[in-house]
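Letters A, B, ... are given to chains in the order of the sequence lines, protein chains preceding strands, and every chain is numbered from 1. Predicted model, so just to flag it, every value in this text is computed and none were measured.
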There are 2 protein chains.
Amino acid sequence: MNLKQLSEHLGLSQTTVSRALNGYPEVSESTRKRVQLAAAEGNYRPNLRAMSLATGKAMTIGHVIPVADQHDVVNPIFAEFVAGASQVYKQHGYELTLTIAETRNEESIYRSIAARGAVDGVIVHSPKRTEPRLALLREIGLPFVVHGRVSESDTPYNWIDMNNRRAFKQATQLLIDLGHTDIALINGDESLNFAWLRRLGFEDAMRENKLPIKKALMASADLTETFGYQTASALLKCSDCPTAFLASSYVVALGIRRAIGQAGLQMGKDISVIIHDDELSYFDNDGAIPQFTATRSSVREAGILAADMLLKQIDDPTLFPQNTLLESHLTMGLSTGPAKRA
Amino acid sequence: MNLKQLSEHLGLSQTTVSRALNGYPEVSESTRKRVQLAAAEGNYRPNLRAMSLATGKAMTIGHVIPVADQHDVVNPIFAEFVAGASQVYKQHGYELTLTIAETRNEESIYRSIAARGAVDGVIVHSPKRTEPRLALLREIGLPFVVHGRVSESDTPYNWIDMNNRRAFKQATQLLIDLGHTDIALINGDESLNFAWLRRLGFEDAMRENKLPIKKALMASADLTETFGYQTASALLKCSDCPTAFLASSYVVALGIRRAIGQAGLQMGKDISVIIHDDELSYFDNDGAIPQFTATRSSVREAGILAADMLLKQIDDPTLFPQNTLLESHLTMGLSTGPAKRA
DNA sequence: ACATTCATCCAAAGCGCCTTGAATAGACAG
DNA sequence: CTGTCTATTCAAGGCGCTTTGGATGAATGT
């Protein structure tokens, strides 16, 4: 069932039917009713392609997920973020297309997306400390919202981010207050800005408390369970072991916990751990007392807000770029305790 | 830059330019070269919407992810599956759109997708034991591939699945061979077919070995860490505790491991655990000896195969439905050992 | 009675592409 | 030199929708 058929069926012109369905005022209420009824009966849905060709709007948002190569780790937070964003899109009649972009093709992929008219805007995931994508997207003229910030950018742009620096400063301070001085930071890839900011937050706190920042206690890589395990295992064997760990994700903390257990130590007693918890739905770090002390921030919520921001920007391109900085909540769990003096 | 502009720039008709770029033979090689060069220079990409309107093909595949409600758990395997599938789509010039469908709207969502002409086919995720979606999609006439099988379906359809029943039978047998008789099954939601089949596999082995199947040792729910922890904790307190666990996912096994540790027991010594491992990239259950004994099957690989199957089906709609049954590999890890007699 | 307004509705153009059917020109055969 | 092929190229229509610019008739005002 398409517009033509529907209009013939009703004995009306395509114009009138289209207007009736799209809420234009130049249609009498009685015919509008009639049209709506017939459309519902015939299960009529305007063809998205035709519509978008006619209006010039794609009614689609692109999510571009960067990976180093095809076999790279897929960051588990994407699914959760996208789950949030997609709610918003659905409400506004938008579709969501997903593109996995290898870093080396990134530019051509963005250009292609734009030139093909496939999307009205994109969400930029996993920004690096310096982001060539911003300039690229501006040049192309494609509206975008970054999930995360870019440290080194002068020109304003849309972003939504969690206050990584503050969260990790706060978490570090808590560990220091508990008496820990040798704190290890198991961080994400520090060429990514979120990880970089977390490190700065960590260093902020250490410096303010006049504690030495030891390179040996900092590691940075993809946040896999194995990375957490191996790094923590090694650190727990060294001469002056850390008494506390700061973990950049739940997953990596699982590895740390494994290492602690294997070393015959007890988490929350011998060794303290604080994680950043993105509140992934299958790791509900919850219950009466959460197992991990954590800085928490819902990445699904971030997805909702980012989608909202992007649609607003598309709706009104003259809008000045928006920013949203989410604060995390520090919640006490079972994984922290006072430092044991060596 | 669109076709018209490009053709005017070249002093050719749109027909010729279009044909030159799409590889039709009615164009001299010299002009084809000229056109290709100009297209590359002008960064010309055919507008996807116009193309799809003209050809009637959307050049897009839909992935529809069912959830119970908006706040539901997002299964972590989707991201990995999609990562695989998207490789294939890219190679063939297809886009991928993602839709999260609440079960209660499912029918209208599929109908809407089809009527809007937004996709050429869909991947059906998370099939239940009985699937109204199959009949629906057939009625609509939308090509589809199911990731998983539906137990109760007479009519053939495209699917790709892992041999869940066999995998769990095999895993159970291994535990039995190690001397375990009280084996707990921590399974996914058994209204979903994969979980149902795993249960059948488990029961197959128990029955063949004349061991009692105890309802009290079987649990079924969303595969979260907490579910694993709580269930295992409870089971380890009961009078006749299980000496082994069969876990339907890595995540749920993490919870089980936590419970075991907390009970003062040792995994692989006091209690054995076998998991099914979907080989998620951030849980590389690998190394010299994997931490978990597991039946393994790459869900990313499944995504690749499913996408391939779907594109073939779209390419030739007369094709008889294809099936692929993947076998899992049982690999020994640190989490299993001989049963300790009580 | 005539001009003017207003509420409805419609015909047709256009979005950017592909594709059918035809035209043109050069090559070749008779 | 004319007729027939073949190789190239083109004009125009159509995909399904929105939207511009009327058209129509009834209602209103003078």
Name all residues meeting the side chain to side chain contact (heavy atoms under 4.5 Å, CB included) criterion together with A:I304; count only those two or more places apart in sequence or in a different chain, and write none if there are none.
-> A:Q87, A:V88, A:E301
A:Y24 vs C:dT8: side-chain N/O to OP1/OP2 distance below 4.0 Å = no
Only one of B:W159, B:Y110, B:Y157 forms a side-chain contact (heavy atoms from CB on, under 4.5 Å) with B:V124, so which one is it?
-> B:Y110
Do the charged groups of B:K312 and B:D316 touch, with an N to O distance under 4.0 Å?
-> no
Could you list by number each residue of residues 11-22 of chain A showing a heavy-atom separation from DNA chain D of less than 4.0 Å, or answer none if no residue does?
-> A:Q14, A:T15, A:S18, A:R19, A:N22
What I'd like to find out is whether the side chain of [X] reaches to under 4.5 Å of the side chain of [Y], using heavy atoms alone.
| X | Y | answer |
| --- | --- | --- |
| A:L96 | A:I61 | no |
| B:R111 | B:L136 | yes |
| A:R129 | A:L192 | no |

Angle, rounded to 10°, between the helical axes spanning five pairs at each terminus of the helix from C:dA1-D:dT30 to C:dG30-D:dC1?
-> 60°
Just by modelled atom types, is the B:F144 backbone N or O under 3.5 Å from a matching donor or acceptor in the B:N158 side chain?
-> yes
Looking only at atom types and distance, does a side-chain atom of A:Q5 sit under 3.5 Å from a main-chain N or O of A:N2, one as donor and one as acceptor?
-> yes
Side chain of B:S28 only, please: which of C:dT8, C:dG16, D:dT9 is the nearest?
-> D:dT9
Write down the distance between [atom1] ([X]) and [atom2] ([N]), rounded to a whole number of angstrom.
| X | N | atom1 | atom2 | result |
| --- | --- | --- | --- | --- |
| B:M59 | C:dC17 | CE | P | 15 Å |
| A:E8 | C:dA11 | CD | P | 11 Å |
| B:Y44 | C:dG16 | OH | P | 10 Å |
| A:L3 | C:dC10 | CG | C1' | 13 Å |
| A:R32 | C:dA7 | CZ | P | 14 Å |
| B:K57 | C:dT19 | NZ | P | 11 Å |
| A:N47 | C:dC15 | CG | C1' | 13 Å |
| B:L53 | C:dC15 | CG | P | 13 Å |

Using heavy atoms to find the nearest nucleotide of DNA chain D for B:E29 and B:A50 separately, return the residue whose nucleotide is more 5′.
-> B:E29
Name the nucleic acid region contacted by B:T31, choosing base, sugar-phosphate or nothing; use a 4.0 angstrom heavy-atom cut-off, strictly under.
-> sugar-phosphate
B:H63 ring center within less than 6.0 Å of B:Y89 ring center | yes
